[in-house]
Amino acid sequence: ITLVDESALRAALAAFEAAVAADPEFAAAHANRAIVLATLAGLSLVSKDLARMLSDADAAAQRALTLEPALPVARYAVALNCELRLDWAC
């Protein structure tokens, strides 16, 4: 049973990337882009793109926090990326 639809995640990623392109200051779009990237990375733990996806997810999460430090979804995005990297001190 697959609980996550990769094609839906890729569509969501495209939508969040469009939102970020339209408004680079839209913190929630950066945060949700980070979450989608991290989720895709988690689905492809053996992928050659794993390091790039995690790096992109981390950058998006950090950008969201920079824009809105108190935004809960930004904090969740950072925590999710730390978890995927097994960085418990993050």
Side-chain angles (χ1 to χ4, degrees):
I1 297 174
T2 301
L3 299 176
V4 179
D5 180 356
E6 186 174 347
S7 64
L9 285 171
R10 295 210 178 268
L13 180 59
F16 289 125
E17 288 177 342
V20 166
D23 182 0
E25 305 298 308
F26 187 12
H30 285 283
N32 282 293
R33 179 176 174 268
I35 291 167
V36 172
L37 282 166
T39 303
L40 284 167
L43 290 175
S44 55
L45 288 174
V46 295
S47 170
K48 64 182 180 207
D49 295 328
L50 177 62
R52 181 191 51 79
M53 285 190 284
L54 287 175
S55 177
D56 289 351
D58 190 52
Q62 292 302 325
R63 177 69 177 142
L65 266 186
T66 298
L67 291 169
E68 283 192 49
L71 185 67
V73 72
R75 293 181 176 276
Y76 172 73
V78 170
L80 179 60
N81 287 303
C82 291
E83 179 183 13
L84 284 173
R85 288 192 321 269
L86 303 177
D87 182 356
W88 309 121
C90 171

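Every heavy atom of this structure was used, including side-chain atoms; hydrogens, water molecules and symmetry mates were not.
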Can you tell me which residue pairs pass the side chain to side chain donor-acceptor pair (under 3.5 Å) test with a partner in residues 61-84, sequence neighbours excluded? E25-R63
Spell out, yes or no, whether [X] and [Y] are grouped together once hydrophobic residues are joined by side-chain heavy atoms under 4.5 Å, including indirect joins.
X	Y	value
L50	L84	yes
L80	L71	yes
L67	L65	no

Output the distance between atom CG (L54) and atom CG (D87), rounded to the nearest 0.5 Å. 11.5 Å
Which residues pass the side-chain hydrogen bond (donor to acceptor under 3.5 Å, both in side chains) test with R10, sequence neighbours left out?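 Expected list: E6.
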For a quick test of your reading: what N or O donor-acceptor pairs under 3.5 Å do the side chains of residues 26-41 make, sequence neighbours left out?
residue	atom	partner	partner atom	Å
H30	NE2	P24	O	2.8
N32	ND2	A28	O	2.8
R33	NE	E17	OE2	3.4
T39	OG1	I35	O	2.8

